[in-house]
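Working notes for the structure below.
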Amino acid sequence: MRTYETGEFTLERVREHVWELPQTGSMNVPARVLANESLLDEISDDRTLEQLRNTTELPGITTHALCMPDGHQGYGFPVGGVAAIDAERGCISPGAVGYDINCGVRLLRTNLTYDDLQGNERALVESLFDAIPCGLGSGGVIDADAVDIDAILEDGVEWAIEEGYGVDADLTHCEDHGRRQDADPTAVSQTAKNRGKKQVGSLGSGNHFLEVQRVTDVFDPSIAEQFELSTDQIVVLIHTGSRGLGHQVCTDYLEAIETEHADLLERLPDDELAAAPADSRLAREYYGAMCAAINFAWVNRQVIAHETRRVFESVFETDFEDMAIELLYDVAHNSAKLEPHTVDGEQRELFVHRKGSTRAFPAGRDEIPAAYRTVGQPVLIPGSMGTGSYVLCGSAGGPIQTFGSTAHGAGRIMSRTQAKQEYWGGDVQDELERENRVFVKADSGATIAEEAPGVYKDIDDVVAVSESLGIGTPVARLFPVCNVKG
DNA sequence: ATGTCC
């Protein structure tokens, strides 16, 4: 058997791109990394494998813990990790969802082509930067009051549409119609709500961005037609999450769970994996609060999409309907979700924890918008400013191998600190404009350095692994035209 | 990711 050895770990090759850490000692299940050997090299000297192994000790975890091809170390649980845990006898773990609850992306399509845009890039990026608050402590598009916040947490995108920030079709083109029904606003602390009030419609910082892109390649013409994507078309990718509100929900429940379920914590290999037993009060409350934060993030992306439409209207002096600025889809990258899955021939309800991983359901599933149900759900994979992004489609291997999940991005290979030593923001910006005609506008030069294309894994490798495993079918490739960075 | 350390 072929193996891959690194530090204390020996991974066994199950088949191409599937590497298993066998179940030993206190592990409840084996762990699997989906990667090629060069992607494995990139996680060989950080804590990714150790964290993945730790995850297998969560009570009630089924089948195997998974790490997607773009995985890297995170808080307690790898970014790129998937853990499917029994919803009756298992547990739920905030660290396996992440601090940025419903960090995710949405893609808007337009009927504009790259030709329509050239010459307007600078005006467009400046207008978008002015219209959409970004960076830490920037404030939001909306100044929400206490009543608004509760409605946002309860109703999600429905609230935004009723308030005039979008159209009905936006609802049907969002995962869960932009609303988690299990949201419980009463489980969200006042501190979290106060942080959220001034952040409705804000990009945030770090790897969050708004990018105007052009479609450079179509790989699957028939699915692309269903997604209404074609070469040279202009699209807009919005990547942000639940801001301070979601962060506060995670902080609040980690603290409460660590105290209330100290006995379980003691049996876990890492305090950062703190978990609440599935039948506990805190499990119910965290799930309700997390779903509410998910709704907040969807409203955040919805309001930003609305502002984007307005900016395009002003720059191109055309109604957004005439530019057909429509929501293609919106996906969550950080979430836990109650889903039915077949495990060893048995139908079970699982908390599928996806942290830096995208749900990628294949054709036929009821959860997919009617417009895409015959092909599979759109999967949106943002890449770096210099390499572009991908649209994939959920495929049949997902439910069998990964609880219907695939990768979520390129994945960092360098810390932010290291990135600032390697790159100078102004130089990165100049080079992108000169060599790639990518127009970047950011809150600070440091942000651009931290997000330089070289700090990310090769997104082509990440997508190729997903394709070869049958957990995501490449549909189209997108390349940046304008980038607004948090 | 994050009112980046109450």
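Note that this is a predicted model, so its numbers are computed, not measured. Letters go in sequence order (proteins before strands), and every chain restarts at 1.
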Please state how far atom [atom1] in [X] lies from atom [atom2] in [N], giving the value in whole angstrom units.
X      : N     : atom1 : atom2 : answer
A:D100 : B:dT2 : CG    : P     : 6 Å
A:Q248 : B:dT2 : CD    : C1'   : 10 Å
A:Y75  : B:dT4 : OH    : P     : 17 Å
A:E255 : B:dC6 : CD    : P     : 12 Å
A:E272 : B:dT2 : CD    : C1'   : 15 Å
A:K420 : B:dT4 : NZ    : P     : 14 Å
A:Q199 : B:dT4 : CD    : P     : 11 Å

- Query: Is the phosphate of B:dT2, meaning OP1 or OP2, less than 4.0 Å from a side-chain N or O of A:S205?
  - Reply: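 Answer is yes, contact under 4.0 Å.
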
- Query: How far apart are the closest heavy atoms of A:S389 and A:Q213, and which atoms are they?
  - Reply: OG-NE2, 3.3 Å

- Those residues of residues 239-247 of chain A lying under 4.0 Å from DNA chain B by at least one heavy atom: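 A:R243, A:G244, A:H247 - these, ordered by number, are the residues of the stretch whose heavy atoms sit under 4.0 Å from the strand.
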
- Go through the side-chain N and O atoms of A:D100 and A:H208 and say whether any donor and acceptor fall under 3.5 Å apart.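 Yes.
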
- Does one side chain, of A:N334 or A:Y99, offer a donor that lies under 3.5 Å from an acceptor on the other? no

N/O donor-acceptor pairs under 3.5 Å from side chains in residues 126-142 of chain A, not counting sequence neighbours:
{"from": "A:E126", "atom 1": "OE1", "to": "A:K441", "atom 2": "NZ", "distance (Å)": "3.4"}
{"from": "A:S127", "atom 1": "OG", "to": "A:A123", "atom 2": "O", "distance (Å)": "2.8"}
{"from": "A:S138", "atom 1": "OG", "to": "A:G135", "atom 2": "O", "distance (Å)": "3.3"}

- Item | A:Y456 six-ring centre to A:R412 NZ/CZ under 6.0 Å and within 45° of normal |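 Satisfied, under 6.0 Å and within 45°.
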
- Touch class at under 4.0 angstrom, heavy-atom based, for A:R416 against every strand present: sugar-phosphate

- Task: Specify whether A:Y287 and A:F351 have parallel, tilted or perpendicular ring planes, treating 30° as the upper limit for parallel and 60° as the lower limit for perpendicular.
- Result: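 The rings of A:Y287 and A:F351 sit tilted, inter-plane angle from 30° to 60°.
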
